[in-house]
Amino acid sequence: MKNIQIIANNTLKNYNNITNLSTGSAVSVSGKLAESKGSGQKWEVIAKTVEILSVAPETYPLQKKRHTDEFLRTIAHLRPRTNKYGATFRIRSELSYAIHNFFRQKGFKYIHSPVITGSDCEGAGELFRVTTLALDNLPFKDGKTDYTNDFFGKEANLTVSGQLSAEMFALALGDVYTFGPTFRAENSNTSRHVAEFWMVEPEMAFCDLEGNMDLAEEMIKFLTRFVLEECSDDIELFAKYVDKSLIKTLENVASSDFKRLSYTSAVDILKRSEKKFEYDIDWGRDLQTEHERYLTEQYFKKPLIVFDYPKTIKPFYMRLNNDHQTVAAMDVLVPRIGEIIGGSQREERLEVLERRMDEMDMPKENYWWYLDSRRFGSVEHSGFGLGFERLLMLITGIGNIRDVIPFPRTPNNIEF
RNA sequence: UCCCCAGUAGCUCAGUUGGCAGAGCAGAUGGCUGUUAACCAUCGGGUCCGCGGUUCGAGUCCGUGCUGGGGAGCCA
């Protein structure tokens, strides 16, 4: 879809009204598609009739000029009418389709994981509480909120991940994926975080970390190539106005082999580098954003997969490696964005999983159904989470996550 | 949540040691008409983010609050 010019000749009955049209007005035009005499366009419409549906008054906030993203964010209900945001949300739609297309051709089944969950399944992050209790008159028992009369009879939250659900279905249907909204109540104020975002989470049975990394790389390359081929008009707009090097970057992502290195090697490289970091690097500490960006942007200059992280900085469900020090985790890091995928091979051995949960003081009774999957016909399996908005940032060159989602939700911002 | 920066016309911004509030674009009016985030002329347009303070005098200095941006943490 592109803009098209309408030629309104002064022979039209309502020509005078047409000359009074303002930016933002709505018209219905019928006429003849003709080869354009003007330059810079191939086609134009010679109008036979121009019906004026509504004339926008001069208070219409959008002008025929460049606006800042910050301003457009304050009129998020009107910004999809601009060229840039129109292109953004067309690509968002195409990319959603491409994700389903990718998985379908590989035989994955699409699972609808629940949005409301009964427990904090990953033990990670702040949760949004779901309740029908009157918040100005909460029932208490033993000094704590009493949920027995709440809708579900227990504490409920919005999901932070569909992973545990997906694991159950991977152990039933084989390869599966989820693609849906995810909620984090973190007080994060960055250009890479929103409270409500969409996540793609494949989960594969009979698959180890190697296969997991293969899928992550194949998927990002497929999606990048798809957009380069299917959305070239819109991509050109971003290459022109947002990021001049965009197409080169995307072609680099689509064609280069992602560098794979272990956390331990990553730490070695960082320690040997002459670069001064704000945070010291030491085995056992998590890689900071500055470390990740150095590796992917300066050292390797291409996407990078770091694997086998220390178990102390990763969640309970990741598979313990034979060294008993690291787990089979992997993060995909890309230039500019940093972490775009986080995943792991899952701990399929019941005893090891239970021991890990004990070490981390987790209430195993809450996870009885999760542990059942290891009790009955457990097999090795792996999966990851891809931040859909972060992928869109990579693909469009847009620098703020709030500008690739229709109505962004961030701390203190729920307008629209 | 922490650190840094900013808030002046509808939008993007300038504003000198503290001394009468400015430009471009947009808008309105007229002209022009092969244009695409066009051209020419004229005109209108302000709670200088809010509150408090210093001063003869504050857009400018100080305090505080709010909002936005950049970076960090948390992560996708």
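Only heavy atoms go into these numbers, but all of them, side chains included; no hydrogens, no water, no symmetry mates. Remember, it's a predicted structure, so these values are computed and weren't measured experimentally. The chains referred to below are lettered A, B, ... by the order of the sequence lines, with proteins before strands, and numbering in each begins at 1.
- Shown here are the salt bridge (Lys or Arg N to Asp or Glu O under 4.0 Å) partners of A:R349, two or more places apart in sequence or in another chain: A:E347.
- Contacts between residues 275-304 of chain A and RNA chain B, defined by a heavy-atom separation under 4.0 Å, are made by A:Y279, A:Q288, A:T289.
- Taking the ring pair (Phe, Tyr, Trp, His ring centres under 6.0 Å) definition, one finds that A:F108 meets it with A:F103, sequence neighbours left out.
- With P as the reference atom, B:C2 and B:U8 are 25 Å apart, rounded to whole Å.
- B:A26 sits 27 Å from B:A21 when the P atoms are compared, rounded to a whole Å.
- Here A:I341 lies in heavy-atom contact (under 4.0 Å) with sugar-phosphate atoms only.
- Counting to the nearest Å, the P atom of B:C75 and the CD atom of A:E201 are 15 Å from each other.
- With sequence neighbours excluded, the residues forming a salt bridge (Lys or Arg N to Asp or Glu O under 4.0 Å) with A:K364 are A:D358, listed by chain and number.
- Listed by first and then second residue, the side-chain hydrogen bond (donor to acceptor under 3.5 Å, both in side chains) pairs that reach into residues 21-35 of chain A are A:S22-A:S25, A:S30-A:T49, sequence neighbours excluded.
- Evaluation of atom-type donor-acceptor distances gives no pair under 3.5 Å for the side chain of A:S188 against the base of B:C75.
- B:U29 and B:G45 have their C1' atoms separated by 15 Å, with the value rounded to a whole Å.
- For A:D280, there are no salt bridge (Lys or Arg N to Asp or Glu O under 4.0 Å) partners two or more places apart in sequence or in a different chain.
- Both A:N187 and A:E58 lie close to RNA chain B; mapped to their nearest nucleotides by heavy-atom distance, the more 5′-ward contact belongs to A:N187.
- You'll find that the side chain of A:Y241 is closest to B:A37, out of B:A37, B:G71, B:C75.
- Listed by chain and number, the residues in a salt bridge (Lys or Arg N to Asp or Glu O under 4.0 Å) with A:E348 are A:R319 (sequence neighbours excluded).
- Residue A:R73 is tested with A:T68, A:D403, A:N413 for a side chain to side chain donor-acceptor pair (under 3.5 Å); the sole match is A:D403.
- Of all the residues in residues 387-409 of chain A, A:G387, A:R390, A:N400, A:I401 reach under 4.0 Å from RNA chain B with at least one non-hydrogen atom.
- For A:W43, there are no ring pair (Phe, Tyr, Trp, His ring centres under 6.0 Å) partners two or more places apart in sequence or in a different chain.
- Residues A:Q5 and A:I340 both approach RNA chain B. Their nearest nucleotides, taken by heavy-atom distance, put A:Q5 toward the 5′ side.
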- side chain to side chain donor-acceptor pair (under 3.5 Å) between A:Y370 and A:R374, worked out: CA-CA 7 Å; A:Y370 188 71; A:R374 274 57 172 176; 2.9 Å; yes

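- Listed nucleotides: B:G34, B:A72, B:C74. Nearest to the side chain of A:N189: B:A72.
- Between B:U1 and B:G18, the distance separating the two P atoms is 35 Å to the nearest Å.
- B:G44 and B:G7 are spaced 25 Å apart, taking the C1' atom of each and rounding to whole Å.
- When side chains are defined from C-beta on, A:F128 does not count as touching A:V130, because their heavy atoms never get closer than 4.5 Å.
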For residues 210-225 of chain A, which side-chain donor-acceptor pairs fall under 3.5 Å, sequence neighbours excluded?
residue, atom, partner, partner atom, Å
A:N212, ND2, A:S344, O, 3.3
A:N212, ND2, A:G383, O, 3.0
A:D214, OD1, A:R260, NH1, 3.0
A:D214, OD1, A:R260, NH2, 2.9
A:E217, OE1, A:R260, NH2, 3.0
A:E217, OE2, A:K221, NZ, 2.8
A:E217, OE2, A:F258, N, 3.0
A:E218, OE1, A:K106, NZ, 3.1
A:E218, OE2, A:K106, NZ, 2.9
A:K221, NZ, A:S256, O, 3.1
A:T224, OG1, A:I220, O, 2.7
A:R225, NH2, A:A254, O, 3.0

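- You'll find that the side chain of A:R192 is closest to B:C74, out of B:C74, B:A76, B:G68.
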Every protein N/O lying under 3.5 Å from an N/O of nucleotides 11-14 of chain B:
residue, atom, partner, partner atom, Å
B:C11, O2', A:K65, NZ, 3.4
B:C11, O2', A:H67, ND1, 3.3
B:C11, O2, A:K65, NZ, 2.6
B:U12, OP1, A:T68, OG1, 2.9

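- Under the side-chain hydrogen bond (donor to acceptor under 3.5 Å, both in side chains) criterion, the residue pairs touching residues 322-334 of chain A are A:Y309-A:D331, A:N321-A:T326, A:D323-A:T326, with sequence neighbours excluded.
- A:N413 has its CG atom 7 Å from the P atom of B:G68, to the nearest Å.
- When Watson-Crick and G-U wobble pairs are counted only if both distances are under 3.5 Å, B:C13 pairs with B:G22.
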